[in-house]
Amino acid sequence: ASHHLKAGDTERARGLAESLIEGSPPASLRAEALRLLAEVRVVTGPAAALPLLEEALACAGDDVAVAADVELSLGIVHFALFQPERAARHLARAVELTDASGADGARAEAIAMAEMCRLQLGRGGDVDRLQLALTLEDHDRATAFQIRPSLIAGQIFEFIGALDAA
């Protein structure tokens, strides 16, 4: 389903995710399917994704990697809804969870998004944390270009005037 979504076939991705959810899969797989369905629905409006992501977080249970992905998604959606305080809480949790899971690529994205949120809250950009995100970035990880650490870091460096870091 995620490949169909990345290829732009949102209807097929939605159908597969919904079929999986209806099939009563194990909790962590249900969480992943709900997160994917939320990603499909976010196109129609970010608020439509929130209930799905909240349910996904509840289903993630002890699966740290799934919980981290859901927290990252919640942070991104709240950021898109101009709710930076809520976004910051979810992104901080995503950083913690990715640190525990050892998923460097996901951790890089969570750190970069957390720094973007920090900037939006008027707290500046932490160059050291952005450099860490760049070091951890997994260029082979399938992710949306909007949350690539290299893109986010470049934007923040430009905004804060740290052009030598960019």
Side-chain angles (χ1 to χ4, degrees), residues 1-18 20-21 28-29 31-57 60 63-84 86-99 101-121 125 129-159 166:
S2 66
H3 293 296
H4 287 287
L5 182 61
K6 300 294 184 225
D9 189 352
T10 56
E11 286 306 309
R12 181 76 173 130
R14 181 190 52 76
L16 289 170
E18 287 174 349
L20 182 59
I21 292 165
S28 64
L29 187 55
E32 289 184 61
L34 286 163
R35 188 189 59 73
L36 181 66
L37 187 56
E39 196 173 334
V40 170
R41 291 211 182 139
V42 81
V43 174
T44 61
L50 286 176
L52 294 167
L53 291 171
E54 289 165 0
E55 183 181 349
L57 189 57
D63 191 325
V64 178
V66 172
D69 285 343
V70 174
E71 289 283 11
L72 178 59
S73 294
L74 277 162
I76 291 167
V77 170
H78 281 293
F79 187 84
L81 290 169
F82 302 103
Q83 299 170 342
R86 286 182 178 172
R89 285 191 297 273
H90 288 290
L91 294 168
R93 184 73 179 131
V95 171
E96 290 172 16
L97 290 168
T98 54
D99 189 32
S101 75
D104 287 346
R107 183 170 178 229
E109 292 164 12
I111 291 169
M113 280 302 303
E115 286 305 307
M116 180 63 85
C117 197
R118 177 186 161 111
L119 184 67
Q120 188 179 47
L121 287 166
R129 288 190 43 89
L130 288 167
Q131 291 293 353
L132 175 60
L134 290 171
T135 300
L136 296 172
E137 183 174 12
D138 178 355
H139 296 281
D140 295 324
R141 181 173 152 87
T143 192
F145 76 90
Q146 298 94 330
I147 63 169
R148 286 258 175 231
S150 48
L151 173 68
I152 294 170
Q155 291 172 325
I156 294 173
F157 289 149
E158 179 182 22
F159 189 82

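These numbers come from the heavy atoms of this one structure, side chains and all, not from hydrogens, waters or symmetry mates.
Looking at Gln155 and Met116, their side chains come closer than 4.5 Å, going by heavy atoms from C-beta outward. Using a 4.5 Å heavy-atom threshold, the side chains of His90 and Leu72 count as separate. Residues Ile76 and Ile147 form a side-chain contact, since some pair of their non-hydrogen atoms from C-beta on lies under 4.5 Å apart. Looking at Glu115 and Ile152, their side chains never come closer than 4.5 Å, going by heavy atoms from C-beta outward.
Considering CZ of Phe157 and CG of Leu134, their distance stands at 5.5 Å, rounded to 0.5 Å. A distance of 8.5 Å separates CG in Asp138 from CG in Asp104, rounded to the nearest 0.5 Å.
Here side-chain hydrogen bond (donor to acceptor under 3.5 Å, both in side chains) pairs that include residues 72-84, with residues two or more places apart or in two chains, are His78-Gln83.
Closest of all the heavy-atom pairs between Arg41 and Leu52 is NH1-CD1, 3.5 Å. Nearest heavy-atom pair, Phe145 versus Leu151, reported as atom, atom and distance to 0.1 Å: O-CD2, 3.3 Å. Contact detail for Ala31 and Ala60: the closest heavy-atom pair is CB-N, 3.8 Å. For the pair Val77 and Pro46, the tightest heavy-atom approach, listed with the atom from each and the gap, is CG1-O, 3.3 Å. Of all heavy-atom pairs between Ile156 and Gly125, the closest is CG2-CA, 4.2 Å. Heavy-atom minimum distance, Gly75 versus Ala87: O-CB, 3.3 Å.
Here Glu32 does not pair with Arg35 in a salt bridge; the nearest charged N to carboxylate O distance is not below 4.0 Å.
Residues passing the salt bridge (Lys or Arg N to Asp or Glu O under 4.0 Å) test with Arg148, sequence neighbours excluded: none.
For the pair Glu137 (side chain) and Ser150 (backbone), a donor-acceptor distance under 3.5 Å is present.
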